[in-house]
A.B. asks: 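Below are the structure tokens for one structure; questions will follow.
Below, read A as the first sequence line, B as the second, and so on, with proteins coming before strands; counting in each chain starts at 1.
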Amino acid sequence: MTQYQAPKGVSEYFPPRSLAFEWVRETLVAPAKLAGYNLLELPIFEDTELFTRGVGASTDVVSKEMYTFEDRGGRSITLRPEGTVGALRAIIEHNLDRASLPVKIWYAGAFFRAERPQAGRYRQFYSVGIEAVGSDDPALDAEVISIAYEGFKNLGLKKFRLEITSLGDRQSRAAHRIDLLKYISTLDLDESTKERVKLNPLRIFDDKRPQVRLQMQEAPKLLDYLSDESRVHFETVQKYLQALHIEFEINPRMVRGLDYYTGTTFEFVHDLLGAQSGIGGGGRYDGLMEEIGGQPLTGIGFGLGIDRALLAVEAEGLQPSTPTHSDLYLIALGEMAKVQALITAQNVKSEGISVEIAFGEKVLKNAMKRADKNGAPFVVILGDSELSTGSVELKEMKTGTTFSVTLSSLPQALRQALDGR
RNA sequence: GUGGGCGUAGCUCAGCUGGUAGAGCACUCGGUUGUGGUCCGAGAUGUCGCGGGUUCGAGCCCCGUCGCUCACCCCA
């Protein structure tokens, strides 16, 4: 065993898998950019209170999963467990919500939760998120959902589902809560579950244990308590999704782990991932801006798990579209040739062609083997004869054919050859 | 925080009822001078996670410990 190991439960990506990770991240971000969302680069830590206020003290995330520490000034700092609250804080702090609404931003990066790791669950994980603040138009809900949907679809994923529900507005939930508590009080539950119910009775819908699920079969569902306004909003969102040919199922038992969600709420689940099947989720948060000191603006957003999306991609046997090799492999024989190789590589790269130089190779045969392993479609050898004539053989590895080009015209010749393949 | 499984070469793993370690892949070199893929040959590689115990002797048995992993709780 090596002396130093990465901290427990972190996900690390190195070649070649890091290329797939990068591709997943960019693919998930792309639809947001196309819809006019712009980058918001955020700190990875915030004042602890921001999360306890925003995410909600009753949540597991806040009550037992935060990486919290004291900085040198005695302030309580927490590594961000999710992205929405920090994004809204930045929007408020920098008055981004004074411009035309809705404010539409995206972000990507690491998040932290101090949980016991398992398949698809890490202590440091990566998400892509978007937030749209300042509009309660149901069309915005549909857009946000469609952006996530397009991202997963563009990865090539097939075996994922979209589940949606509405958590209603304040009135809807107050009415439901009374009946739900009444129902729950008749159930036979263990102590820790009763405690959870006290904090947020909706949580019990998420319990996976059969003895609890069974008892919850007949529980009153929030969807049946929606106010007229909430119900119309939810129905309109559904209508839009249908128009976009985005398939979904309504899951009245869906509960999100964060307290701020209201109204439209959704989750993307993948069928091949085991216990941690959620690859993304989000929803409206109509009281959150005010909660953390901003204007009373409504908003909606999502977080998509890059780690889990990558696992899903691999589970479906999909390949990233980005190649792991360079366009050209450049072999230099001798000291003089090495200088020329560096210069040639510079010229080739200026044409936007990727090139790798064979470093430290003395034997041509071995250099060729390496070229083959690299997978580059073209190879050029630079030796004494090439230096004296100023012309090189450009070899296409797949066919084994070579053609002679002058060093100065190599970038253009390569461009042609690559385009012609 | 609770429970199950597992820790042997860079990777995937084998190692029978205890006798101080092996395979495949990968890697390095070679199969006559500057041309790869296949094939053949040669080579390097391990404190068998760590500590203790039982034993003449432990990779194998016992205890502890650390780590990884899967699941529960919960979530991306």
A.B. asks: Which one is paired to rU47(B), where only Watson-Crick or G-U wobble pairs with both distances under 3.5 angstrom count?
C.D. replies: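 Partner of rU47(B): none.
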
A.B. asks: Within this structure, what is the CZ-CG distance for the pair Arg113(A) and Asp60(A), rounded to the nearest 0.5 Å?
C.D. replies: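 Spacing of CZ (Arg113(A)) from CG (Asp60(A)) equals 10.0 Å.
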
A.B. asks: Whole-Å distance between rA76(B) C1' and Tyr122(A) OH?
C.D. replies: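 It is 11 Å, rounded to the nearest whole Å.
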
A.B. asks: rG7(B) pairs with which nucleotide, Watson-Crick or G-U wobble, both distances below 3.5 Å?
C.D. replies: rC66(B)

A.B. asks: For RNA chain B, whose closest nucleotide is more 5', that of Phe268(A) or that of Gly274(A)?
C.D. replies: Gly274(A)

A.B. asks: Is the Lys NZ or Arg CZ of Arg80(A) less than 6.0 Å from the centre of Phe111(A)'s six-membered ring, within 45° of the axis?
C.D. replies: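 Here Arg80(A) passes the 6.0 Å and 45° test against Phe111(A).
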
A.B. asks: Specify the separation, in whole Å, of atom CG of Leu273(A) and atom P of rU69(B).
C.D. replies: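 Atom-to-atom, Leu273(A) to rU69(B), this comes out as 16 Å.
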
A.B. asks: How far, in whole Å, is rG7(B) from rA44(B) if one measures between their P atoms?
C.D. replies: 28 Å

A.B. asks: Which residue lies toward the 5' end of RNA chain B, Asp60(A) or Pro117(A), if each is placed at its nearest nucleotide?
C.D. replies: Pro117(A)

A.B. asks: Please report the distance, rounded to the nearest Å, between CD in Glu12(A) and P in rC68(B).
C.D. replies: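 Atom-to-atom, Glu12(A) to rC68(B), this comes out as 11 Å.
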
A.B. asks: Whole Å only: how far is the CD1 atom of Ile279(A) from the C1' atom of rA76(B)?
C.D. replies: 10 Å

A.B. asks: If I pick the P atom on rU8(B) and the same atom on rC48(B), what distance separates them, to the nearest angstrom?
C.D. replies: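 11 Å, rounded to whole Å.
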
A.B. asks: Under a 3.5 Å cut-off for both distances, is rG34(B) Watson-Crick or wobble paired, and to whom?
C.D. replies: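 rG34(B) is paired with nothing.
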
A.B. asks: Among rC73(B), rC72(B), rG30(B), find the nucleotide with the atom closest to the side chain of Lys64(A).
C.D. replies: rC73(B)

A.B. asks: Please report the distance separating the P of rU12(B) from the corresponding atom of rC70(B), rounded so that it comes out in whole Å.
C.D. replies: 14 Å

A.B. asks: How would you summarise protein contacts on nucleotides 32-39 of chain B per nucleotide, using B for base, S for sugar-phosphate only and - for none, with heavy-atom distances below 4.0 Å?
C.D. replies: --BBBB--

A.B. asks: Please state how far atom CZ in Phe266(A) lies from atom P in rC75(B), giving the value in whole angstrom units.
C.D. replies: 16 Å

A.B. asks: Give a yes or no on whether a donor-acceptor pair under 3.5 Å exists between the nucleobase atoms of rA76(B), that is its base, and the side chain of Glu115(A).
C.D. replies: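 A donor-acceptor contact between them is present.
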
A.B. asks: Taking only the C1' atom of each, what is the distance from rG24(B) to rU45(B) in whole angstrom?
C.D. replies: 15 Å

A.B. asks: To the nearest angstrom, how far is Arg113(A) atom CZ from rA76(B) atom C1'?
C.D. replies: 6 Å

A.B. asks: Regarding Glu218(A) and Tyr183(A), is there a side-chain donor-to-acceptor distance under 3.5 Å anywhere?
C.D. replies: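 Per modelled atom types, Glu218(A) and Tyr183(A) side chains form no pair under 3.5 Å.
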
A.B. asks: Looking only at the side chains, is there a donor atom on one of Glu356(A) and His325(A) sitting less than 3.5 Å from an acceptor on the other?
C.D. replies: no

A.B. asks: Does Glu46(A) come within less than 4.0 Å of Arg89(A), counting only side-chain N to carboxylate O?
C.D. replies: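 Judged by the 4.0 Å cut-off on N to carboxylate O distance, Glu46(A) and Arg89(A) do form a salt bridge.
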
A.B. asks: According to the Watson-Crick and G-U wobble definitions, with both distances under 3.5 Å, which nucleotide is paired to rA42(B)?
C.D. replies: rU28(B)

A.B. asks: Should rA23(B) form a Watson-Crick or G-U wobble pair with both distances under 3.5 Å, which nucleotide is its partner?
C.D. replies: rU12(B)

A.B. asks: Strictly below 4.0 Å, N to O, side chains only: are Arg173(A) and Asp169(A) in salt-bridge contact?
C.D. replies: no

A.B. asks: What's the closest nucleotide to the Asn366(A) side chain, out of rA76(B), rC73(B), rG30(B)?
C.D. replies: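 Closest nucleotide among those given: rG30(B).
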
A.B. asks: Write down the partner of rA76(B) under the Watson-Crick or G-U wobble criteria, each distance required to be under 3.5 Å.
C.D. replies: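 Result: none.
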
A.B. asks: Considering only atom P, compute the distance from rU65(B) to rG3(B) and round it to an integer number of Å.
C.D. replies: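 Nearest-Å result for rU65(B) against rG3(B) at atom P: 12 Å.
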
A.B. asks: Return the pairing partner of rA71(B) with a 3.5 Å limit on both distances, Watson-Crick or G-U wobble; otherwise return none.
C.D. replies: rU2(B)

A.B. asks: For rA76(B), is there a stacking contact with Tyr126(A), counting only centres under 5.5 Å and planes under 30°?
C.D. replies: no

A.B. asks: Do Asp327(A) and Ser354(A) meet the criterion of a side-chain donor-acceptor pair at a distance under 3.5 Å?
C.D. replies: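 Yes.
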
A.B. asks: I'd like to know if Arg123(A) pairs up with Glu115(A) as an ion pair, taking the criterion as any Lys NZ or Arg NE/NH1/NH2 lying under 4.0 Å from an Asp or Glu carboxylate oxygen.
C.D. replies: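 Salt bridge between Arg123(A) and Glu115(A), a charged N being under 4.0 Å from a carboxylate O: no.
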
A.B. asks: Going by distance alone, is a donor N or O of one side chain under 3.5 Å from an acceptor N or O of the other, for Tyr240(A) and Asp141(A)?
C.D. replies: no

A.B. asks: Is Ala119(A) touching bases, backbone alone, or none of the nucleic acid, heavy atoms closer than 4.0 Å?
C.D. replies: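 Sugar-phosphate only.
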
A.B. asks: Can you find a side chain N or O atom of Gln118(A) that sits less than 4.0 Å from OP1 or OP2 on rC70(B)?
C.D. replies: no

A.B. asks: Rounded to the Å, how far apart are Leu304(A) CG and rA76(B) P?
C.D. replies: 11 Å

A.B. asks: Does any nucleotide pair with rG57(B) by Watson-Crick or G-U wobble geometry, both distances under 3.5 Å, and what is it?
C.D. replies: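 rG57(B) is paired with nothing.
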
A.B. asks: Check every strand shown and say whether Glu82(A) touches a base, only sugar-phosphate, or nothing at a heavy-atom separation below 4.0 Å.
C.D. replies: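 Nothing, no heavy atom under 4.0 Å.
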
A.B. asks: Considering only atom C1', compute the distance from rA9(B) to rU47(B) and round it to an integer number of Å.
C.D. replies: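 Taking atom C1' in both rA9(B) and rU47(B), they lie 13 Å apart.
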
A.B. asks: Given the structure, check if the side chain of Arg308(A) and the base of rC75(B) hold any donor-acceptor pair shorter than 3.5 Å.
C.D. replies: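 Answer is yes: a donor-acceptor pair is held.
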
A.B. asks: Rounding to an integer number of angstrom, what distance separates rG57(B) and rG18(B) when you compare their C1' atoms?
C.D. replies: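 Straight-line distance between the two C1' atoms is 8 Å.
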
A.B. asks: Provide the distance between the two C1' atoms, one in rC29(B) and one in rA71(B), to the nearest whole Å.
C.D. replies: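 Here rC29(B) and rA71(B) have their C1' atoms 48 Å from each other.
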
A.B. asks: Are Phe268(A) and Phe152(A), when compared by the centres of their aromatic rings, separated by less than 6.0 Å?
C.D. replies: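 Ring-ring flag for Phe268(A)/Phe152(A): true, centres closer than 6.0 Å.
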
A.B. asks: Send over the distance from Arg116(A) CZ to rA71(B) P, rounded to a whole Å.
C.D. replies: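 Rounded to whole Å, this separation is 13 Å.
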
